Trainee: 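Below you will find the structure I want to go over with you.
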2 protein chains.
Amino acid sequence: MSGLITLTTDEHAALDRIEERRRQVRKGTVIQHSEERVTELFVLREGMMMSYVLLPDGSRQILRFYFPGEIMGMAGMGYRNAPETLCALADCVVCPFEKAAVSRLMVDHPRLGAMLMAFSQIERAVLTDRLASLGRTSARARVGALLLELHNRLRARDGRGNGTFPLGLTQEEIGDATGLTSVHVNRMLRQLEEDGLITREAGHVTIGDVAALARATHHVDRYAALDLSWLPPAR
Amino acid sequence: MSGLITLTTDEHAALDRIEERRRQVRKGTVIQHSEERVTELFVLREGMMMSYVLLPDGSRQILRFYFPGEIMGMAGMGYRNAPETLCALADCVVCPFEKAAVSRLMVDHPRLGAMLMAFSQIERAVLTDRLASLGRTSARARVGALLLELHNRLRARDGRGNGTFPLGLTQEEIGDATGLTSVHVNRMLRQLEEDGLITREAGHVTIGDVAALARATHHVDRYAALDLSWLPPAR
DNA sequence: CGGGTAATTGAATCTCGTCAAGCTGGGTGG
DNA sequence: CCACCCAGCTTGACGAGATTCAATTACCCG
């Protein structure tokens, strides 16, 4: 949050309290099972995680990837049981906290509450972009758009913009996120490479011309062009 | 909201203030254009609306259908320009209000703010269900799941549960929501009918056995099994 | 240096899209 | 009151894109 607004001392303290408890989780660990009782949310501090649902036939749809600083499990807020599974894609550090802490935050620090609301709407916009991607674009565009999204999210964090980033996903995971099979993901990656839109090397992907790939995949960067001028003043 | 919690007089008044202004819109009218400046949100009072995005090639992805009582345009909260288009599917009545009204609401009535947050998370869960539907299920299941969702949403409003509801959508619109062509939607509707899962007559659809259709389409009712016990007390 | 997971590639198959043609029903104007 | 019109629905034939199945090959970890 501190990247977008200047936090007061009180607000900073309130956010720190939420991240009090720490927990190490190893790659592959599930910290929240779909359909099981949920009382906690998590902040991701280090690593990379994902949320997904499993269908009765065993197929998996990955809903979202999480990077450090993001809140995981918000979708469970309104429900008794978790609507999705949270699983670590790498060794991670997470901070679990109670649902009620969010409601305390909204009472004591309305500006942070409004900020949370804005974030969940940005997340919604990203989700709807993926919906359009799955519903109305080719396999090639879907894979390319996913690479761009990962690139933008990582760049928003570390500031570097040289177009290279560690993939951190198997082709099967890319397939489960884009609604394709791992075999077809492989072919599409190859095609993107042959078209000169990306290069691959040792688990890293390089996007030579971000704008060109964005054009080829109809991708929009939802982490740009924000408007938070309507936020209430800090208390 | 009054269906889920008991509102105080003050809370009721605050919500009424939001719905002060009224506007009639005729079928087909666009009240918010994607990529154009947005300062207002809307409450839908009567009718049925949808939000969608258009891709550069002209294809359309319908993101969501709106029914009376729901807030439209929340996704625009964090942005200067609207990420989606809002269009009336029937003659409607809407109540426009300023973005800042939401932030005032969150300051003055934290419980309503938390409620809004819960709603947006429920909406998120519905969206992720659609994502799984588009990414990992057959055309038949997608169409069936959409019918079930419309049925559940209408039932949540009017209470009737006899399985019959007015469709109010063309097959092309169903296709744009499910990522299919109108031609294939037609075939899938026919197939669902031949399988005895639905019947159609004069623009109305009847779902004989809701549970059976839910099984065939992997559909979950996200408007059931809510947990709002963590909400803060009313101010 | 194994052993297992992930990536790669080819061939056959199937689902869904495309194109094209006819049909139907409700609204409109002569 | 009827003929027409037009959007939406229906159906068939064909093709493209993605899946499935199967078999190697490359890579990472201990």
Side-chain angles (χ1 to χ4, degrees), chain A residues 26-28 50 55 57-62 87 89-91 133-147 166-195 198-205 216-217, chain B residues 26-28 50 55 57-62 87 89-91 133-147 166-195 198-205 216-217:
Chain A
R26 262 188 312 197
K27 180 172 174 168
M50 64 176 167
L55 300 195
D57 66 357
S59 63
R60 175 175 71 169
Q61 176 66 49
I62 295 179
C87 175
L89 285 161
D91 293 344
S133 182
L134 293 208
R136 286 295 183 226
T137 77
S138 67
R140 178 166 167 276
R142 288 187 225 174
V143 172
L146 180 63
L147 295 179
L167 187 49
L169 298 174
T170 66
Q171 294 181 358
E172 186 172 357
E173 283 156 353
I174 296 176
D176 285 347
T178 53
L180 302 167
T181 59
S182 59
V183 173
H184 207 55
V185 167
N186 184 288
R187 291 196 246 265
M188 293 304 105
L189 285 172
R190 167 154 316 282
Q191 201 179 309
L192 288 170
E193 200 165 20
E194 278 168 7
D195 294 350
I198 64 168
T199 56
R200 292 181 296 161
E201 199 183 351
H204 283 247
V205 172
T217 61
Chain B
R26 262 187 312 196
K27 179 171 176 170
M50 64 175 167
L55 300 195
D57 68 355
S59 63
R60 175 175 70 171
Q61 177 66 50
I62 294 179
C87 175
L89 284 160
D91 292 344
S133 182
L134 294 209
R136 286 293 182 227
T137 77
S138 67
R140 178 166 167 273
R142 288 188 225 173
V143 172
L146 180 63
L147 295 180
L167 187 47
L169 299 175
T170 66
Q171 294 181 359
E172 187 172 357
E173 284 157 353
I174 296 176
D176 285 347
T178 53
L180 302 167
T181 58
S182 60
V183 173
H184 207 55
V185 166
N186 183 287
R187 290 196 252 263
M188 294 304 104
L189 285 172
R190 167 156 315 284
Q191 200 178 309
L192 287 170
E193 200 165 19
E194 278 168 9
D195 295 349
I198 63 168
T199 55
R200 293 181 295 161
E201 199 183 350
H204 284 245
V205 172
T217 60

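Below, read A as the first sequence line, B as the second, and so on, with proteins coming before strands; counting in each chain starts at 1. Not measured: the values here are computed from a predicted model.
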Trainee: Rounded to whole Å, how long is the line connecting atom CD of Q171(A) with atom P of dA6(C)?
Mentor: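 Between P of dA6(C) and CD of Q171(A): 11 Å.
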Trainee: Are L134(A) and R142(A) side-chain neighbours, meaning at least one heavy-atom pair lies under 4.5 Å?
Mentor: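 Yes, close enough: below the 4.5 Å cut-off.
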Trainee: Given dT9(C), is OP1 or OP2 found less than 4.0 Å from the side-chain N or O atoms of R190(A)?
Mentor: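 Looking at the OP1 and OP2 atoms of dT9(C), one of them is under 4.0 Å from a side-chain N or O of R190(A).
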Trainee: Could you tell me the separation between the NE2 atom of H184(A) and the P atom of dA7(C), rounded to a whole number of Å?
Mentor: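 Rounded to the whole Å, the gap is 16 Å.
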Trainee: What's the CD-P distance between E201(B) and dT24(C), to the nearest Å?
Mentor: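 It is 17 Å, rounded to the nearest whole Å.
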Trainee: Can you check the R187(B) CZ to dC19(C) P distance for me, whole Å?
Mentor: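 Atom-to-atom, R187(B) to dC19(C), this comes out as 14 Å.
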Trainee: Across the strands shown, which category fits S182(A) at heavy-atom distances under 4.0 angstrom: base, sugar-phosphate, nothing?
Mentor: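 Nothing: the residue S182(A), judged by heavy atoms under 4.0 Å, touches no strand.
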Trainee: Calculate the interatomic distance between E193(A) atom CD and dA7(C) atom C1'; express it in whole Å.
Mentor: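 Whole-Å distance recorded here is 12 Å.
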Trainee: Name the nucleic acid region contacted by L189(A), choosing base, sugar-phosphate or nothing; use a 4.0 angstrom heavy-atom cut-off, strictly under.
Mentor: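 Nothing, no heavy atom under 4.0 Å.
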Trainee: E172(A) has an atom CD; how far is it from atom C1' of dA7(C), in whole Å?
Mentor: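 Nearest whole value for this atom pair: 12 Å.
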Trainee: Please state how far atom CG in L167(A) lies from atom P in dA7(C), giving the value in whole angstrom units.
Mentor: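 Distance, rounded to whole Å: 8 Å.
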Trainee: Is any side-chain nitrogen or oxygen of R200(A) closer than 4.0 Å to OP1 or OP2 of dT8(C)?
Mentor: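 Yes, R200(A) has a side-chain N/O under 4.0 Å of OP1/OP2 on dT8(C).
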Trainee: Can you find a pair of side-chain heavy atoms, one from T217(B) and one from T137(B), that are under 4.5 Å apart?
Mentor: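 Side-chain contact under 4.5 Å: no.
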Trainee: Considering only heavy atoms of chain A and a distance under 4.0 Å, specify the first and last nucleotide of DNA chain D in 5' to 3' order that meet this criterion.
Mentor: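 Footprint of chain A along DNA chain D, 5' to 3': dA18(D) to dC21(D).
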Trainee: Counting only heavy atoms not in E194(B), do more than 12 fall under 6.0 Å of its CD?
Mentor: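 Yes, the 6.0 Å shell around CD holds more than 12 heavy atoms from other groups.
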Trainee: When all nucleic acid strands are considered with a 4.0 Å heavy-atom cut-off, which category describes G175(A): base, sugar-phosphate, or nothing?
Mentor: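 Answer is nothing: G175(A) stays at 4.0 Å or more from every strand.
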Trainee: Please pick, from dT9(C), dA6(C), dG17(C), the nucleotide with the shortest atom-to-atom distance to any side-chain atom of T170(A).
Mentor: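 So the nucleotide nearest the side chain must be dA6(C).
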Trainee: Does the side chain of V205(B) come within less than 4.5 Å of L189(B)'s, by heavy atoms?
Mentor: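 Result no, sub-4.5 Å side-chain heavy-atom pair not found.
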Trainee: When rounded to the nearest 0.5 angstrom, what distance separates CG in D176(B) from CE in M50(B)?
Mentor: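 These two atoms lie 8.0 Å from each other.
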Trainee: In whole Å, what is the span from the CG atom of L89(A) to the P atom of dT5(C)?
Mentor: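 To the nearest whole Å, that distance equals 18 Å.
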Trainee: Is it true that, when you exclude Q191(A) itself, more than 12 heavy atoms of the residues, nucleotides or ligands shown sit nearer than 6.0 Å to its CD?
Mentor: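 Yes, enclosed.
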Trainee: Quick check: on DNA chain D, is the nucleotide nearest R140(A) upstream (toward 5') of the one nearest A202(A), or the reverse? Name the residue that is more 5'.
Mentor: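 Taking each residue's closest nucleotide, the earlier one in sequence belongs to R140(A).
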Trainee: Considering only heavy atoms from C-beta outward, does the side chain of I174(A) approach that of M188(A) to under 4.5 Å?
Mentor: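 The answer is no, as the side chains (C-beta and beyond) never meet within the 4.5 Å cut-off.
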